[in-house]
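Order of listing sets the numbers, starting from 1, for every ligand and every atom in it.
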Amino acid sequence: MIALGNDHTGYAMKKAVMEYLDSKGIPYKDFGCGDVTASNYPDYAKAVGRAIQNKECEKGILICGTGIGISIAANKMKGIRAALCHDCFSAEATRLHNDANVLAMGARVIGVGHALKIVEAFLDTEFSNDERHLKRIQMLEEN
Ligand code: RB5
C-alpha cells in the first residue's frame, strides 16, 4: 500500500500519480489534500509518515511545490527516510542505497511526465540489502 500526500501545489501531480498507480494495479491510500485550496505541507507529511510508522503503508509519495518542505517534515519522523528526487537515477539509487520509504517531488520543479517515470523507478527498485548500506541506514537512527 502506497501512502499519498500533497499540499495544494501538488494536487494535480498527485492526481496523475493516482492514475498511474491505478493503471499498474498498485493500491494506495490518499491522505490529502484534496483540492487546490492553500494548505500546510507538514500536515500531509505527518499523515503519510504515520501511516508508514504504523505499517498501514509500506511506502509513501509526497508532493509540494519544491518537494523540499514536505521532505524536511517527513524526515523529522522516526523511521522515515524521505528522498527528494527529480531524476530517475536518484530515485533508483535511493531505493538501492538508502532504502528510502518516501519519495518526495516538487510539482513546481518538474513536469508530470517526468514525475511518473521517477515514481516508476522508485517503486520498481528493491533495496540492495548490502551490509554496508544496512549499517549506514542503522546509523541514521542514532542521534
Ligand atoms: C507553498 O507555497 C510552498 O511553499 C510549498 O508547496 C513547498 O514548496 C514548500 O517547501
Side-chain angles (χ1 to χ4, degrees), residues 1-128 132-143:
M1 183 70 71
I2 309 296
L4 302 179
N6 57 282
D7 71 0
H8 54 295
T9 67
Y11 177 67
M13 183 176 279
K14 191 265 301 282
K15 296 295 279 183
V17 170
M18 284 173 159
E19 278 177 30
Y20 170 80
L21 296 175
D22 283 336
S23 77
K24 297 283 179 187
I26 300 171
Y28 57 84
K29 183 162 180 194
D30 180 18
F31 289 88
C33 67
D35 58 35
V36 295
T37 308
S39 60
N40 303 311
Y41 57 81
D43 287 337
Y44 308 102
K46 287 177 191 174
V48 165
R50 276 194 294 268
I52 294 171
Q53 286 175 329
N54 69 25
K55 304 200 187 308
E56 182 182 359
C57 296
E58 299 90 53
K59 294 195 184 80
I61 298 174
L62 290 172
I63 306 168
C64 69
T66 58
I68 297 171
I70 209 158
S71 58
I72 291 172
N75 276 319
K76 290 187 176 294
M77 302 179 74
K78 188 169 172 52
I80 301 302
R81 295 179 298 281
L84 174 56
C85 299
H86 289 135
D87 65 272
C88 292
F89 174 81
S90 299
E92 183 182 0
T94 196
R95 288 290 307 126
L96 287 169
H97 290 220
N98 315 120
D99 197 16
N101 48 18
V102 173
L103 168 66
M105 297 184 292
R108 290 174 171 164
V109 182
I110 54 170
V112 162
H114 192 180
L116 297 182
K117 296 303 285 182
I118 291 167
V119 168
E120 184 175 41
F122 185 81
L123 296 181
D124 284 358
T125 307
E126 293 298 324
F127 176 50
S128 65
R132 68 189 193 284
H133 295 313
L134 275 167
K135 178 186 155 204
R136 292 163 189 160
I137 290 165
Q138 279 158 13
M139 289 170 71
L140 293 173
E141 297 291 336
E142 297 163 8
N143 293 307

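- In the vicinity of T9, heavy-atom distances shorter than 4.0 Å reach the ligand 1 atoms 6 (O).
- Residue contacts with ligand 1, taken as heavy atom pairs separated by less than 4.0 Å, involve T66 via backbone and side-chain atoms alike.
- Scanning the protein heavy atoms around atom 9 (C) of ligand 1, the nearest turns out to be Y41 CE2, 3.4 Å.
- For G65, a nitrogen or oxygen atom sits less than 3.5 Å from a nitrogen or oxygen atom of ligand 1, counting backbone and side chain alike.
- Of the protein's non-hydrogen atoms, G69 N, 2.9 Å is the one closest to atom 10 (O) of ligand 1.
- Evaluation of the side-chain contact (heavy atoms from CB on, under 4.5 Å) rule for N98 yields T94 as partners, not counting sequence neighbours.
- Judged as a side chain to side chain donor-acceptor pair (under 3.5 Å), the pairs with a partner in residues 48-59 (not counting sequence neighbours) are, in order, K29-E56.
- Side-chain atoms of R81 come within 3.5 Å of backbone N or O of D99 as a donor-acceptor pair.
- Without hydrogens or angle criteria, D7 side chain to N40 main chain gives no donor-acceptor distance under 3.5 Å.
- Among all protein heavy atoms, the one lying closest to atom 2 (O) of ligand 1 is R108 NH1, 3.4 Å.
- The distance criterion of under 3.5 Å between nitrogen or oxygen atoms is not met by I68 with respect to ligand 1.
- In terms of modelled atom types and a separation under 3.5 Å, the side chain of T125 and the main chain of E92 share no donor-acceptor contact.
- Checking side-chain atoms of D87 against main-chain N and O of S90 turns up a donor-acceptor pair under 3.5 Å.
- Where the criterion is an N or O separation shorter than 3.5 Å, residue side chain and backbone included, H8 fails it with respect to ligand 1.
- A distance-only check finds a donor-acceptor pair linking the side chain of N6 to the backbone of C33 [under 3.5 Å].
- Shown here, atom 6 (O) of ligand 1 is in close reach of the protein: a heavy atom of it lies under 4.0 Å off.
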